Amino acid sequence: MSELKVYNTLSREKEIFKPLNAPHVGMYVCGPTVYSDVHIGNCRTIVSFDVIFRYLQYLGYSVRYVRNITDVGHLENDADEGEDKIAKKAKLDNIEPMEVVQKYTNGFHEVVELLNTLKPSIEPTATGHMVEQIEYVQGIINSGYAYVSNGSVYFDVEKYSEKYNYGEISGRKIEDLKNNTRDLKGQGEKKCPLDFVIWKKAEPKHTMQWNSPWGKGFPGWHLECSVMSTKYLGEEFDIHGGGMDLKFPHHECELAQNTACSGHSHSVKYWLHSNMLTLNGEKMSKSTGQFFLPKQIFEGTTELLEKAYSPMVVRFAMMQCHYRSTMDLSNDALLAAEKGLTRLKNGLEAIDSSKEGEESFFDINGIEASFKSAMDDDFNTPVLVANLFDVVKQINLAIKEEKLISKNDREALKSLFDVYLTQIMGVELNTNAQSDSDSNLVEDDLIQLAVDVRNQAKNNKDWETSDLIRDKLTKLGIQLKDSKDGTQWSK
RNA sequence: GGUUGCGUGGCCGAGUGGCUAGGCACAGGUCUGCAAAACCUGCUACGGCGGUUCGAUUCCGUCCGCAACCUCCA
């Protein structure tokens, strides 16, 4: 059997996954800043790490999955100036900052639940860890890698880089960074433009501020992740995940903070990054209108798509692309995923109509090995999906050619689909479309009535009537499927 | 300009130093009163130019193009 390999951004190689304290695994993933609706790109990251979380659990690890909610400290720009995003939104909507936080936290949860992601083990917030953050800032000051300036505390990147390697995640060199840093206003408090704020002095009118040894203020954006990962996973832990765009500066700063505070230069063993989602080849961006909200996809209310696609279709579309590749979301991609998912579902349902016998046409062990080796290869879901389709082809072929399948193999096959498609990739197949919503029982009966009437007409060779019923039902979005065994319908 | 990465058939998307995924679309077929659906079959691609090699889409160089990051972003 194969071993799990993960691509580590630090080494830029696939490495064999060996947890620090097996069977325990600690995983920290950067969650959203809750100042506006999550967009579908955010969701991709959450879904990617959801699959990783699920697979690690499948392998038998006991995973503590920590995913934060950023509810303070994320500034509008990187000059470490400007407003806190949440405070700004609160002012704009004329509500409390915590109302902003609650509203978008709820929205975020709703969407990721629709996408069938598992809840993290711990979902800590920045405001809930103010004491720890203040202590952490003090810790960095004590170790000599931070300085106080005009009521704010800055991380001393130059001093840090004398001993440690600032930039090792993103491959940047401190000299290049210095040369390429643009002149920004408000850098006066910093010794060097590369320094970043870990505690920011609040203006008197600022709506979110806390007392600290350096005066009233609030924590810097990168700080919370260092603090909360350390608190819940320890000074050294296994996996840190997030979107590619967080490599620099966020993760670079986070790693520097960890190292400065604890002295351990390898606080994170494996850095994993998921890639961006694009729309027509461009990164989704609110400022250019190149984006839509997850709900707009599910409800079909964006002009950028031809119709609505269910959360499961969206999730399956994501599974057809590797998490480290950019994924282009388009109507065609979603349509292909929708049809592909139907094919998978049909194939799975068809298993039951295969002929049972002593011998078996299927090589269950081989199939299982192919599924597992796909996932072991840095969570290669597109290959796993391809393997699932291969099995579907085998099933269909077996039925057509009346090959035999043993009872055990039939159950094993179903179980493999359940494990890899549903439990690991989190794609639920609604295999019983005609009774998935009990609120429409009357409607279902009415449809069945129409189908029965049509069949009667068919039996009388009254094609005019039967075609009329079929056409009307089609217009209502109900599809009829005639076969030897009678007429099936689906919505 | 710097950093990281990418360029695969009509589209989406894996992967590999030789055996060359998969889905969608398309074409043909089976089934059907006709259709639809379903299923079967077919469709052999890796940006340009050099180099290494018995052999490169896969390694190296170079050129062109694209993206992300270097400004808030998952």
Side-chain angles (χ1 to χ4, degrees), chain A residues 9 12 29-33 35-36 38-49 74-79 82-83 85 167 169-173 175-177 179-182 184 221 241-250 252 273-278 281-287 291 316-317 320-322 324-344 346-347 349-350 374 377 380-390 392-393 395-397 399-401 458 461-463 466-467 470-471 474 479-484 487-490:
Chain A
T9 306
R12 295 177 217 299
V29 174
C30 291
T33 301
Y35 70 104
S36 69
V38 270
H39 70 81
I40 192 67
N42 285 280
C43 295
R44 186 188 184 201
T45 301
I46 303 299
V47 168
S48 296
F49 285 97
H74 206 153
L75 298 181
E76 280 287 300
N77 65 58
D78 187 55
E83 272 185 291
K85 287 185 168 191
I169 296 173
S170 55
R172 284 166 166 80
K173 291 186 177 62
E175 292 77 21
D176 295 336
L177 285 170
N179 295 335
N180 285 305
T181 304
R182 298 192 318 192
L184 293 163
W221 171 40
M244 290 259 187
D245 50 350
L246 293 184
K247 277 190 199 173
F248 190 91
H250 183 58
E252 216 66 80
H273 290 98
S274 62
N275 216 134
M276 301 293 102
L277 199 60
T278 59
E282 273 176 63
K283 185 185 172 184
M284 290 207 184
S285 165
K286 289 184 185 177
S287 52
F291 89 108
F316 185 63
Q320 285 186 292
C321 178
H322 188 86
R324 279 193 293 113
S325 299
T326 51
M327 175 189 176
D328 196 48
L329 199 66
S330 63
N331 194 67
D332 285 349
L334 288 169
L335 197 63
E338 189 175 61
K339 295 196 174 180
L341 196 55
T342 304
R343 180 174 163 79
L344 229 41
N346 289 336
E349 285 174 345
D377 184 18
N380 199 329
T381 55
V383 168
L384 173 56
V385 170
N387 292 341
L388 288 168
F389 279 116
D390 282 339
V392 163
K393 183 164 268 186
I395 292 168
N396 289 327
L397 213 62
I399 292 165
K400 194 187 174 197
E401 298 181 358
K458 272 182 72 179
K461 295 198 192 300
D462 179 3
W463 310 128
S466 75
D467 287 355
R470 183 174 68 196
D471 292 347
T474 305
Q479 192 181 52
L480 299 190
K481 296 167 190 170
D482 291 337
S483 73
K484 285 175 202 158
T487 303
Q488 299 273 311
W489 60 267
S490 63

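Note that this is a predicted model, so its numbers are computed, not measured. Sequence lines set the chain letters: A, B, ... in the order given, protein chains first and strands last, and positions in each chain run from 1.
- In plain terms, the two heavy atoms of Gly243(A) and His273(A) that are nearest each other are O-CD2, 3.5 Å.
- Within 4.0 Å of Leu246(A), counting heavy atoms only, lie sugar-phosphate atoms of the nucleic acid but no base atom.
- In this structure, CD of Glu252(A) is placed 12 Å from P of C70(B), rounded to the nearest angstrom.
- The two residues Cys321(A) and Thr326(A) come nearest to each other via the heavy atoms SG-O, 3.9 Å.
- Atom pair Asp482(A):CG and U30(B):P shows a separation of 19 Å (rounding to whole Å applied).
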**Request:** Report the secondary structure of RNA chain B in dot-bracket form, marking unpaired bases with a dot and bases paired to a different strand with |, and treating Watson-Crick or G-U pairs with both distances under 3.5 Å as paired.
**Result:** (((((((..(((.....[...))).(((((.......)))))....(((((..]....))))))))))))....
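- To the nearest angstrom, P of C70(B) lies 15 Å from CD1 of Ile169(A).
- Between Asn275(A) and Gly347(A), the residue anchored nearer the 5' end of RNA chain B, judged by the nucleotide with its closest heavy atom, is Gly347(A).
- Taking 4.0 angstrom as the limit, Lys481(A) places none of its side-chain polar atoms (N or O) nearer than this to OP1 or OP2 of U32(B).
- Judged by distance alone with a 3.5 Å cut-off, a donor-acceptor contact links the side chain of Arg470(A) to the base of A35(B).
- Lacking a ring centre under 5.5 Å from that of the base six-membered ring together with a plane angle below 30°, Phe389(A) does not count as stacked on G23(B).
- Shortest non-hydrogen contact noted between Ala374(A) and Val383(A) is CB-CG1, 3.7 Å.
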**Request:** Take nucleotides 40-47 of chain B nucleotide by nucleotide from the 5' end and write B, S or -, depending on whether a protein heavy atom sits under 4.0 Å from the base, only from the sugar-phosphate, or from neither.
**Result:** SS------
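- Nearest heavy atoms, Ala350(A) versus Ile399(A): O-CD1, 3.1 Å.
- If you check every strand for non-hydrogen atoms under 4.0 Å, Gly171(A) touches sugar and phosphate atoms only.
- Listed by chain and number, the residues in a ring pair (Phe, Tyr, Trp, His ring centres under 6.0 Å) with His322(A) amount to none (sequence neighbours excluded).
- Taken from CG in Leu334(A) to CG in Leu341(A), the straight-line distance is 11.5 Å, to the nearest 0.5 Å.
- G55(B) and G17(B) are spaced 8 Å apart, taking the C1' atom of each and rounding to whole Å.
- When the C1' atom is used for both G22(B) and C64(B), the distance is 31 Å, rounded to whole Å.
- Looking at the side chain of Leu177(A), the nearest of the listed nucleotides C34(B), C69(B), C70(B) is C70(B).
- C54(B) and U16(B) have their P atoms separated by 24 Å, given to the nearest Å.
- Thr45(A) is linked by a side chain to side chain donor-acceptor pair (under 3.5 Å) to Ser274(A), counting only residues two or more places apart in sequence or in another chain.
- In this model, a side-chain donor or acceptor of Arg172(A) finds a partner on the base of C69(B) within 3.5 Å.
- The separation between Asp390(A) atom CG and A21(B) atom P is 10 Å, rounded to whole Å.
- Separation of the C1' atoms belonging to C26(B) and C43(B) is 9 Å when rounded to the nearest angstrom.
- Put simply, the side chain of Thr278(A) gets close to the backbone of Met327(A): a donor and an acceptor are under 3.5 Å apart.
- At whole-Å resolution of the value, CE in Met276(A) and P in C6(B) are 15 Å apart.
- Across all strands, Ile46(A) comes closer than 4.0 Å to no nucleic acid atom at all (heavy-atom distances).
- Comparing the C1' positions of C12(B) and A21(B) gives a spacing of 14 Å, expressed to the nearest Å.
- To the nearest 0.5 Å, atom CE of residue Met276(A) and atom CZ of residue Arg44(A) are 8.0 Å apart.
- Asn396(A) contributes atom CG, which lies 6.0 Å from atom CZ of Arg343(A) (distance to the nearest 0.5 angstrom).
- Atom C1' of G10(B) sits at a distance of 35 Å from the matching atom of U3(B), rounded to the whole Å.
- Between the P atoms of C59(B) and G65(B), the separation comes to 22 Å (whole Å).
- The 5' end of RNA chain B is approached more closely, in terms of each residue's nearest nucleotide, by Trp463(A) than by the other of Leu344(A) and Trp463(A).
- As judged by a 4.0 angstrom heavy-atom cut-off over every strand, Ser170(A) is placed among residues touching the sugar-phosphate backbone only.
- Residues Ile169(A) and Arg12(A) share a closest heavy-atom pair of O-NH2, 3.4 Å.
- Within the nucleic acid shown, Leu480(A) comes within 4.0 Å of at least one base atom, counting heavy atoms only.
- Residues that satisfy the side chain to side chain donor-acceptor pair (under 3.5 Å) test with Asp377(A), not counting sequence neighbours, are Lys14(A).
- Atom NZ of Lys173(A) is separated from atom C1' of C69(B) by 16 Å (rounded to the nearest Å).
- Comparing the C1' positions of A56(B) and G50(B) gives a spacing of 13 Å, expressed to the nearest Å.
- Between His250(A) atom NE2 and U4(B) atom P the separation is 21 Å, expressed in whole Å.
- One can place CH2 of Trp221(A) at 12 Å from P of U71(B), the figure rounded to the nearest angstrom.
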**Item:** Footprint string (nucleotides 9-19 of chain B, 5' to 3'): B base within contact, S backbone only, - free, heavy atoms under 4.0 Å
**Value:** ----SSS----
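- The minimum heavy-atom distance between Asp328(A) and Ala333(A), with the atom names listed, is O-CB, 3.9 Å.
- A salt bridge does not link Lys393(A) to Asp390(A): none of the charged side-chain nitrogens sits closer than 4.0 Å to a carboxylate oxygen.
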